[in-house]
Amino acid sequence: MYGFALKKADETPEMILKLSNLLDYLLYQVDKPFVNLNDEIYHIEDYISLEQMRFNDTLKLGFSKNISSEFIEIPPMLFIPFVENSFKHGKIINGSLYISIFIETNPTEIKFTIINSSSNDSNFIDGLGLHNIKTRLKLLYPDQHLLKINQSETEFEVALLLTSKLKLEDV
């Protein structure tokens with residue numbers, strides 16, 4: 001963002017607004033035990049917007065959502081570490097960083113999947129960030145989550161399934 005400001009780029013005000021939204025979310029939502037899933041998704045979308053401005057044409061991103069209810073609540077900041085990791089550790093292959101995100105819900109489950117381009121010379125399966133995420137999931141969803149992390153020669157994939165501890169109202 002600093003570089004954009006120095007260049008007086010037209011995107012700078014939008015970047016500041018997105019950053020402001022992210023900071024607001026961090027300050028006022030993160031202490032709550034649960035937030036609306038749609039609010040969490042908006043937070044992810046703001047983060048992605050900032051990254052899209054940074055990566056410009058080298059980012060190829062897909063984000064699809066299939067949300068069964070407007071009233072699903074989850075712990076705040078549950079998915080964002082995976083999204084951040086995909087940008088931080090993803091590799092540009094053939095001129096592009098590829099990221100695909102999918103969130104799907106039904107009355108008893110949330111499925112979150114993220115895949116990013118990677119190379120086999122990087123191994124982040126046992127990194128500190130993922131260790132912290134695994135610990136948090138064990139505390140929040142004991143015996144009610146399934147986390148699969150796979151790395152191939154060209155992709156890094158995280159698949160998370162959450163069950164039964166979902167807070168649904170009027171589904």
Charged N to carboxylate O under 4.0 angstrom, E45 versus K65?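 Answer for the salt bridge query: yes.
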Can you tell me how far apart [atom1] ([X]) and [atom2] ([Y]) are? Round to the nearest 0.5 Å.
| X | Y | atom1 | atom2 | value |
| --- | --- | --- | --- | --- |
| L97 | R54 | CG | CZ | 9.0 Å |
| L160 | F82 | CG | CZ | 5.5 Å |
| E155 | I115 | CD | CD1 | 5.5 Å |
| T163 | I110 | OG1 | CD1 | 10.0 Å |
| I74 | F112 | CD1 | CZ | 9.5 Å |
| L137 | L146 | CG | CG | 10.5 Å |

Please check: side-chain N/O of [X] versus main-chain N/O of [Y], any donor-acceptor pairing under 3.5 Å?
| X | Y | answer |
| --- | --- | --- |
| E40 | L78 | yes |
| H145 | Y141 | yes |
| S117 | I93 | no |

Just wondering, do [Y] and [X] contact through their side chains at under 4.5 Å, heavy atoms?
| X | Y | answer |
| --- | --- | --- |
| F63 | I41 | yes |
| L147 | V158 | yes |
| D46 | Y42 | no |
| F34 | P75 | yes |
| L37 | E73 | no |
| Y47 | E84 | yes |
| D57 | L59 | no |
| F79 | I114 | no |

Evaluate the criterion side-chain contact (heavy atoms from CB on, under 4.5 Å) for residue pair F156 and N150; output intermediate values, then yes/no. CA-CA 6 Å; F156 188 86; N150 296 308; over 6 Å; no
Closest heavy-atom contact between [X] and [Y]?
| X | Y | result |
| --- | --- | --- |
| S86 | I99 | OG-CD1, 3.6 Å |
| P107 | S68 | N-OG, 4.1 Å |
| P81 | I133 | CB-CD1, 3.3 Å |

Are there more than 12 heavy atoms of other residues, nucleotides or ligands under 6.0 Å from atom [atom1] of [X]?
| X | atom1 | value |
| --- | --- | --- |
| K138 | NZ | no |
| N66 | CG | yes |
| E70 | CD | no |

Is there a donor-acceptor contact under 3.5 Å linking the side chains of S118 and N116?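 No, no side-chain donor-acceptor contact under 3.5 Å.
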Would you check if there is a donor-acceptor pair between the side chains of T58 and S96 at a distance under 3.5 Å?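 Checked: S96/T58 side chains show no N/O donor-acceptor pair below 3.5 Å.
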Could you check R136 against M77 for side-chain contact (heavy atoms from CB on, under 4.5 Å), going step by step and ending with a plain yes or no? CA-CA 11 Å; R136 186 172 184 221; M77 305 290 291; 4.2 Å; yes
Taking I48 as the starting point, is it possible to reach F102 by hopping between hydrophobic residues whose side chains are less than 4.5 Å apart?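 No.
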Yes or no on side-chain contact (heavy atoms from CB on, under 4.5 Å) for I101 and T113, after CA distance, side-chain angles and deciding distance? CA-CA 6 Å; I101 303 169; T113 304; over 6 Å; no
